[in-house]
Amino acid sequence: MSVPVLVFASYADAFGARTVTVPVPVPCTVADVITAMRELPGGHRLPGKLLVAVNYVYARPESPVRDGDEVALIPPVAGG
Amino acid sequence: MSVPVLVFASYADAFGARTVTVPVPVPCTVADVITAMRELPGGHRLPGKLLVAVNYVYARPESPVRDGDEVALIPPVAGG
Amino acid sequence: MTVSTPDALIEIVGAPIDLTRLVAHVQHAGVGAVATFLGTVRDVNDGRNVTGIDYEAYQPMAEAEMRAIAAELGAQWEGLSVAIVHRVGTLGIGDVSVAIACAHARRAPAADAMRTAIEALKVRVPIWKRERYADGEWTWVDPTRSSGSGEPA
Amino acid sequence: MTVSTPDALIEIVGAPIDLTRLVAHVQHAGVGAVATFLGTVRDVNDGRNVTGIDYEAYQPMAEAEMRAIAAELGAQWEGLSVAIVHRVGTLGIGDVSVAIACAHARRAPAADAMRTAIEALKVRVPIWKRERYADGEWTWVDPTRSSGSGEPA
């Protein structure tokens, strides 16, 4: 089982893609997804603190990730 | 001798004119001009506290008024 | 390269104000933020139905005061560029009476200068307004007299 | 009569931003003040010569966050109308990256809401920018890392 995770900006550069297929069983937690992403090629370039959104809302490490959720890794924002 | 004084807004309504010829000898002070204006027809409608500009700059009661100066009575401003 | 800051645009005008002209004036390659303010004629003031406002200015002094405000802002925030345009004459609901644009490399000076400019304009620039009401009455607005039910925008 | 407050205009766009469209959106007969903010691409940041910026957004979430900001502002200032438009893609020096317009009967809420909006946008809306420099290098801007020599506008 796996979760597709959207990545942006410097994180997209780190993984060389805009969507990363993360091998983790669902349902799981945001923390589980992050842990699995760090093991992937390019994952070592992620910073220690990561922000994740689930279904367009900022999520906590313990937030659940279910099948079909849209999960995104949010780099430090720099709009404006 | 007299000093022409520009008046605006409610003060122009009070005097029924946009320029008031104030009978006062020059050189004099801003306070002298105000005192003389209160004696003119419509002058009783002026408020107790008056703001005067001489040559486009706010002036004090003791500021001098000389021949050729542009004197203006400034009602409470309401721009914006 | 950062170009030099443009001189302030200061005007009393009798025709509608074009905000984009003010923005274009203050913008240059070194600008990262533009804060603008528009004062508009609204339909209700102090609980009365307003149908229009006549603005009157002591034009040379009003422009001198606006220029002084721009100079003081420029002294407080280095590199600031400023445009202040006030309209006079008869305005209807929704018409723009005053437009201010302040531009700076950074947003805080641009926003703070814009706010300072409108506050200063309202207390020292010799401009007056006569509100016309739906019942046919009119009055010269005097912000120094508090009304209890509201204040000018 | 004062008309009801219009819904917020919230957009991520790929084309140049027209400020007058935002102003027209927030204006209505009850508005006495419109405060706007423009973020523009400037030629120098952190002491480096910038030639352009690429903006990237997580569009659905960015629009959701901007909509949430507008709703929070509307809850704080009753009768406020809000427009927030952010551009994405490749921008050159002087191009407008973001425009905000806040309108209210009175000037203080309009100006305070505008300022609150741009501060909120910069900390929570998922948009990123890659600065390109005259020496050919580029970097994703990270405001959480202080550089000592400056900060974004």
Side-chain angles (χ1 to χ4, degrees), chain A residues 2-22 26 29-31 33-34 37-38 40-80, chain D residues 10 12 17 37-42 45-46 53-69 84-88 91 95-100 114-115 117-131 138-147 151-153:
Chain A
S2 67
V3 174
V5 176
L6 304 179
V7 290
F8 302 93
S10 60
Y11 296 178
D13 292 347
F15 288 104
R18 305 201 147 261
T19 304
V20 179
T21 302
V22 181
V26 282
T29 67
V30 163
V33 174
I34 289 175
M37 288 187 84
R38 293 192 190 283
L40 296 177
H44 66 285
R45 291 176 59 187
L46 294 175
K49 191 171 177 177
L50 284 173
L51 204 53
V52 173
V54 177
N55 298 332
Y56 319 122
V57 175
Y58 290 110
R60 297 164 172 278
E62 63 272 23
S63 297
V65 174
R66 300 187 180 86
D67 191 35
D69 284 345
E70 181 161 317
V71 180
L73 214 50
I74 309 290
V77 304
Chain D
I10 301 294
I12 301 285
I17 298 173
F37 179 85
L38 294 176
T40 56
V41 177
R42 68 176 193 269
N45 192 27
D46 275 354
I53 298 184
D54 303 321
Y55 280 91
E56 176 180 334
Y58 179 20
Q59 180 156 349
M61 183 175 172
E63 292 186 345
E65 283 292 319
M66 296 196 301
R67 203 167 293 283
I69 290 169
I84 308 175
V85 178
H86 203 297
R87 184 175 170 188
V88 293
L91 277 67
D95 284 347
V96 173
S97 54
V98 63
I100 296 171
M114 175 275 271
R115 189 67 190 278
I118 182 62
E119 299 301 328
L121 183 143
K122 285 188 174 261
V123 297
R124 53 188 272 199
V125 176
I127 297 175
W128 304 274
K129 62 181 169 193
R130 179 168 53 184
E131 284 186 343
W138 56 265
T139 189
W140 289 101
V141 174
D142 181 355
T144 63
R145 277 188 259 175
S146 74
S147 64
E151 63 174 43

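Throughout, protein chains are lettered first and strands after them, A, B, ... in sequence-line order, and every chain is numbered starting at 1.
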Subject >> Exceeds 12 heavy-atom contacts within 6.0 angstrom, atom CZ of A:R38 >> reply: yes
Original post:
Where do A:Y56 and D:Q59 land on the side chain to side chain donor-acceptor pair (under 3.5 Å) test, with the steps shown first?
Top reply: CA-CA 10 Å; A:Y56 319 122; D:Q59 180 156 349; over 6 Å; no
**OP:** Work out which heavy atom in D:W128 is nearest to a heavy atom in A:P76; give both atom names and the distance.
**Re:** CD1-O, 3.1 Å
**OP:** Please answer whether the main-chain N or O of D:W140 pairs with a side-chain N or O of A:S10 as donor and acceptor at a distance below 3.5 Å.
**Re:** no
Original post:
Between A:D13 and chain D, which part of the residue has a heavy atom less than 4.5 Å away: side chain, backbone, both or neither?
Top reply: side chain
**OP:** Using non-hydrogen atoms and a 4.5 Å limit, figure out which bit of D:A99 sits close to chain A: side chain, backbone, both or neither.
**Re:** neither
Original post:
Going from CE on D:M61 to CD1 on A:I74, what distance comes out if it is rounded to the nearest 0.5 angstrom?
Top reply: 4.5 Å
**OP:** Measure D:V88 against the heavy atoms of chain A and call it side chain, backbone, both or neither at under 4.5 Å.
**Re:** neither
Subject >> Short side-chain to backbone donor-acceptor contact, D:H86 and A:G80, under 3.5 Å >> reply: yes
Original post:
What residue, out of D:G39, D:P60, D:A57, D:A62, has the most heavy-atom pairs lying under 4.5 Å from chain A?
Top reply: D:P60
**OP:** Quick one: pull up OH in D:Y58 and CZ in A:F8 and give me the separation to the nearest 0.5 Å.
**Re:** 5.5 Å
Subject >> Proximity breakdown for A:L51 and chain D, heavy-atom pairs closer than 4.5 Å >> reply: neither
Original post:
Which answer fits D:E65, side chain, backbone, both or neither, if we ask what part of it has an atom under 4.5 Å from a heavy atom of chain A?
Top reply: side chain
